[in-house]
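Letters A, B, ... are given to chains in the order of the sequence lines, protein chains preceding strands, and every chain is numbered from 1.
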Protein chains: 2
Amino acid sequence: MDQDAFAPCCDVPQTHNDVLDRVGHDMPPEEQLYDLADLFKIFGDTTRIKILYVLFESELCVCDIAALLGMTQSAISHQLRILKQSKLVGNRREGKTIIYFLSDNHVRTILGQGMEHIIE
Amino acid sequence: MDQDAFAPCCDVPQTHNDVLDRVGHDMPPEEQLYDLADLFKIFGDTTRIKILYVLFESELCVCDIAALLGMTQSAISHQLRILKQSKLVGNRREGKTIIYFLSDNHVRTILGQGMEHIIE
DNA sequence: GATACATATGATCAATAGTTCATATGAAAG
DNA sequence: CTTTCATATGAACTATTGATCATATGTATC
């Protein structure tokens, strides 16, 4: 990053360049931040949250999830695709049906922390 | 919830109603799930993630954040508004400028867990 | 191998979100 | 009290997203 890129932009009584330099340096790389936002986007939809919550308690086939949430098989399938791409859920075939399950421990923590925040 | 609402929808070798009954019961109320999704939507944008990251290390005024991220003051201000509405950041006036800061401990945990997930 | 069942996928459409531009608010200095 | 500086806000435009509908894939059964 350019050393002198940050000129004082307002008359705050502290030295700006010091702070700005330091802050700018500890920033994770652009790509990681992008991936991180993408991950949280997944949690930012009620349907997907509900899916994660039901899988939380039991692995389930697609039609069961659809029945539980009162939604179309197609809608659920589309969302499961997204969840699987992000490695948040996994699946296995069992005869004609396909069983989905949570594949990651972080899911619980992330949802839990989110809940704590909104409960307050 | 209706006791007999869930008929078996596929020929999975387990009894569906048992599982579906149990899973349906431990679901948080609709409104909470909605709020939860709304909270995560906030983390689902690169700009807001970056803002949180810089505030992570130091409280800053609006124009400093804009300078750090190389973005318009207006864009930043709009996003700060959203972050403030969700109680993720707070602010205080200091002369002509307004200083923003992180107001919640969960922010660190949530971002941290997210990072852990994508690093793997 | 033809049919039925469970799931996946592609196209389409409505709704939502983020940036930009122009402008408004609000405190401080002269 | 007028001007200036820092920030906030509203409107408009584009891009993205989630549900629906129709259809494709793929496994099992006859």
Side-chain angles (χ1 to χ4, degrees), chain A residues 6-14 16 33-34 37-52 55 59-86 89-101, chain B residues 6-14 16 33-34 37-52 55 59-86 89-101:
Chain A
F6 307 120
C9 57
C10 60
D11 296 333
V12 171
Q14 9 167 302
H16 279 247
L33 294 175
Y34 200 83
D38 270 353
L39 175 66
F40 284 120
K41 264 180 205 146
I42 308 226
F43 292 92
D45 175 74
T46 317
T47 301
R48 286 190 291 265
I49 295 245
K50 287 182 188 169
I51 293 178
L52 293 174
L55 293 183
E59 49 177 37
L60 290 167
C61 66
V62 179
C63 63
D64 277 346
I65 301 175
L68 272 165
L69 306 195
M71 295 183 64
T72 324
Q73 172 267 322
S74 180
I76 300 298
S77 191
H78 276 295
Q79 299 308 330
L80 283 172
R81 186 168 184 270
I82 296 174
L83 289 170
K84 202 196 168 190
Q85 281 176 339
S86 322
V89 308
N91 63 13
R92 68 168 186 280
R93 182 173 276 278
E94 200 154 295
K96 272 181 294 189
T97 74
I98 295 188
I99 311 286
Y100 280 85
F101 48 87
Chain B
F6 307 120
C9 57
C10 59
D11 297 332
V12 171
Q14 5 165 306
H16 280 246
L33 294 175
Y34 201 83
D38 271 354
L39 174 66
F40 285 120
K41 263 180 206 147
I42 307 220
F43 292 93
D45 176 74
T46 317
T47 301
R48 287 191 291 265
I49 294 243
K50 287 182 187 169
I51 293 179
L52 293 174
L55 293 183
E59 51 177 36
L60 291 167
C61 66
V62 179
C63 62
D64 278 347
I65 301 175
L68 271 165
L69 307 195
M71 295 182 65
T72 323
Q73 171 268 323
S74 179
I76 300 298
S77 192
H78 277 295
Q79 299 308 330
L80 283 171
R81 187 168 184 271
I82 295 175
L83 289 170
K84 203 194 168 194
Q85 282 176 337
S86 322
V89 309
N91 63 12
R92 68 167 186 279
R93 182 173 277 279
E94 199 155 294
K96 273 181 292 189
T97 74
I98 295 189
I99 311 286
Y100 280 84
F101 47 87

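Stacking of the aromatic ring of H78(B) onto the base of dT19(C) is not found under the criterion of centres within 5.5 Å and planes under 30°.
Below 30°, between 30° and 60°, or above 60°: for F43(A) and F40(B) the angle between ring planes is between 30° and 60°, a tilted geometry.
The side chain of R81(B) sits closest to dT9(D) out of dT9(D), dG18(D), dA8(C). Side chain of T97(B), nearest nucleotide from dA6(D), dA19(D), dA6(C): dA6(D). In this structure, the nucleotide among dA28(D), dT7(D), dA22(C) sitting nearest to the side chain of S74(B) is dA22(C). When the nucleotides dT7(D), dT20(C), dG18(C) are ranked by their closest atom to the side chain of C63(B), dT7(D) comes out on top. Taking every side-chain heavy atom of S77(A) into account, dT7(C) is the closest of dT9(D), dT7(C), dA27(C). Closest to the side chain of R93(A), out of dA6(C), dG26(D), dT9(D), is dG26(D).
Side chains of E59(B) and R92(B) form a contact here, defined as non-hydrogen atoms less than 4.5 Å apart. A 4.5 Å side-chain heavy-atom check between V62(A) and T97(A) finds every atom pair outside the cut-off. Put simply, the side chain of L55(A) does not reach to within 4.5 Å of the side chain of L83(A), judged on heavy atoms.
As a whole-Å value, the separation of K96(A) NZ from dA4(C) C1' is 7 Å. Summarising the geometry, the separation between CG on L83(B) and C1' on dA8(D) is reported as 15 Å, rounded to the nearest angstrom. Here the P atom of nucleotide dG18(C) and the CG atom of D38(A) are 13 Å apart, to the nearest Å. Straight-line distance from the CD1 atom of I82(B) to the P atom of dA17(C): 8 Å, rounded to whole Å. What separates CG of L60(A) from C1' of dA6(C) is a distance of 15 Å, to the nearest Å. One can place CD1 of I99(A) at 14 Å from C1' of dT27(D), the figure rounded to the nearest angstrom. Distance CZ (R92(A)) to P (dT27(D)): 16 Å, rounded to an integer number of Å. Spacing between atom CD1 of I98(B) and atom P of dA6(D) amounts to 12 Å, rounded to whole angstrom units.
Taking only side-chain nitrogens and oxygens, R48(B) comes nearer than 4.0 Å to OP1 or OP2 of dG18(C). A close approach under 4.0 Å does not occur between any side-chain nitrogen or oxygen of Y100(B) and OP1 or OP2 of dA6(D). Listed pair T72(A) / dA19(D) fails the phosphate criterion, with no side-chain N or O lying under 4.0 Å from OP1 or OP2. When the side-chain nitrogen and oxygen atoms of T47(B) are compared with OP1 and OP2 of dG18(C), none of them lie within a distance under 4.0 Å.
Between the side chain of Q73(A) and the base of dA6(C) there is no donor-acceptor pair of N/O atoms closer than 3.5 Å.
Residue pairs that meet the salt bridge (charged side-chain N to carboxylate O under 4.0 Å, His left out) test with at least one member in residues 39-48 of chain A, sequence neighbours left out, are D38(A)-K41(A).
Across the interface with DNA chain D, nearest-nucleotide mapping of A75(A) and N91(B) shows N91(B) to be the residue nearer the 5′ end.
The line from CD1 of I42(A) to CD1 of I82(A) is 6.5 Å long, rounded to the nearest 0.5 Å.
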